[in-house]
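Working notes, beginning with the structure itself.
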Amino acid sequence: MNPWLPTAPCTPRDCAGHEGRVRGRPAAVALLLAGCACILAGALGAPFAAMLGAARRERLIRRWAYGVVRAFGVRVRIVGTPAVPDGTTAAPGTLVVANHISWLDIPLVAAVFPGRMLAKSEIRDWPLLGPLAARGGTLFVERDRLRALPATVRTIGAALRGGSRVVVFPEGTTWCGRGPGGRFGPAAFQAAIDADATVRPVRISYRAAPAEHTAPAGRVAPVEHTAPMERFAPPEHNTPAGAAAFVGDDPLIASLWRVVTAAGLTAEIRVLPPIQARGLPDRRALARLAQTAVANESANRSPESVHH
């Protein structure tokens, strides 16, 4: 089987439903326009951001990516220590790996670890997102060409050796987030071994407030402020959110509309301890170790939590 083309059993009909309250059409349209405008602003501003120093550019990208998620009406919860915001750039040569649920994963990860994304070549043709991804240094892979695999691994390795942070979703496809998810493919981990890079696993999840805790239709739920050291989502946000899932043959516009109409969504990203590629027997062992860290709730330990 082509390692770039895994399949998931998740479908929009079975996995992408939203059981909570929804926003009214005017509020949803406003959020959709705001989110698209934020993406467009990033695309237009990318050439200017490229002229900034590395540290300033990274801070700008993090703030913009965070703004994209918020513009679509989704709150952001970061658990763990994100990239260093001041001074020198965070440790280079890092392979960031995460589970994959939604198109929201891309700006969500960038809000914590800006880097060069590994993405399917089809994204290059997406409106707004495609040109923006290309300008951001995205490494595109032709998933239907197995012969392209060695060259892609070499490209990732070269980027890591050059000090870049590379972001990969090793499951190779999206899962709805309500189960264990997919197996981490080992290909990208070979690049980390070749470059002697650090692997940084992160866990992504989306939660929805139950109907009784959701703002009435047509109103945006107020921002909830929680203690900086809180490690877990508030009780009212412990229900997995199907609305954020972008699975199967779901059209992008349908997923966008589902996100902006679903009130009370919270995106959470947990930054897990780094894994050193050196010393592990092979890429499969490294992939299993990273997958276990992401899948295992007991591994989601963090000294710091920020809830916006």
Side-chain angles (χ1 to χ4, degrees), residues 27-76 78 82-83 85 89-90 94 96 98 100-143 152 155-156 159 162-169 174 202 204 206 220 243-246 250-261 265 267 269 308:
V29 170
L31 288 175
L32 181 61
L33 293 175
C36 291
C38 195
I39 293 173
L40 179 59
L44 296 176
F48 302 98
M51 295 186 291
L52 299 175
R56 292 182 62 188
R57 181 171 63 250
E58 185 161 299
R59 287 196 298 270
L60 180 62
I61 293 173
R62 280 201 310 274
R63 292 170 182 170
W64 169 81
Y66 172 84
V68 168
V69 181
R70 290 294 292 123
F72 281 106
V74 180
R75 292 191 297 175
V76 178
I78 301 170
T89 305
T94 301
V96 179
H100 202 11
I101 298 173
S102 173
W103 52 269
L104 282 166
D105 299 345
I106 297 173
L108 184 62
V109 172
V112 182
F113 290 117
R116 302 184 67 181
M117 294 275 178
L118 182 69
K120 58 184 180 181
S121 57
E122 295 91 324
I123 291 179
R124 202 197 313 256
D125 299 323
W126 285 8
L128 291 182
L129 291 176
L132 181 61
R135 290 181 181 179
T138 296
L139 305 172
F140 293 105
V141 56
E142 297 182 27
R143 300 195 304 165
T152 301
T155 300
I156 297 172
S164 294
R165 184 186 293 123
V166 179
V167 180
V168 176
F169 299 104
T174 50
V202 299
I204 295 172
Y206 296 90
V220 178
F246 181 47
D250 198 16
L252 178 60
I253 188 61
S255 179
L256 287 165
W257 184 249
R258 193 166 54 246
V259 167
V260 297
T261 55
L265 293 185
I269 179 167
H308 302 281

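Along the sequence shown, the residues carry numbers beginning at 1.
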key: Side-chain heavy-atom pair R75, R70 within 4.5 angstrom cut-off   = yes

message = Using modelled atom types and a 3.5 Å cut-off, is there a donor and acceptor pairing between side-chain atoms of T261 and backbone atoms of A28?
response = no

inquiry  = Does any part of the side chain of V29, heavy atoms only, come nearer than 4.5 Å to the side chain of W257, both counted from C-beta?
reply    = yes

key: Distance-minimising heavy-atom pair for A245 and S255   = O-OG, 4.2 Å

inquiry  = To the closest 0.5 Å, what do you measure between OG1 (T152) and CG (L118)?
reply    = 7.0 Å

note = Closest non-hydrogen atoms of A267 and Y206, given as atom of the first, atom of the second and distance, are CB-CE2, 3.4 Å

request  = On the 0 to 90° scale, with breaks at 30° and 60°, tag the F72-W103 ring pair as parallel, tilted or perpendicular.
outcome  = perpendicular

Closest contact, heavy atoms only, V260 versus L32 = CG1-N, 3.9 Å

remark   = Exactly one candidate in I204, V202, I78 meets side chain to side chain contact (heavy atoms under 4.5 Å, CB included) with L108; the answer is I204

request  = Could you tell me which non-hydrogen atom of V166 sits nearest to which non-hydrogen atom of A159, and how far apart they are?
outcome  = CG2-CB, 3.9 Å

query = Residues in side chain to side chain donor-acceptor pair (under 3.5 Å) with R258, at least two apart?
reply = D250

inquiry  = So which atom in A111 and which in R62 form the shortest heavy-atom distance, rounded to 0.1 Å?
reply    = O-CD, 3.3 Å

query = Are the side chain of R165 and the backbone of T94 linked by a donor-acceptor contact shorter than 3.5 Å?
reply = no

inquiry  = Just verifying a value: how many Å separate C36 SG and L31 CG, rounded to the nearest 0.5 Å?
reply    = 11.0 Å

key: Minimal non-hydrogen separation, R116 against S164, with atom names   = CD-OG, 3.9 Å

request  = List the steps, then state whether side chain to side chain contact (heavy atoms under 4.5 Å, CB included) holds for I39 with V68.
outcome  = CA-CA 7 Å; I39 293 173; V68 168; 4.1 Å; yes

ask   = Do L256 and F246 have side chains that get closer than 4.5 Å, going by heavy atoms?
value = no

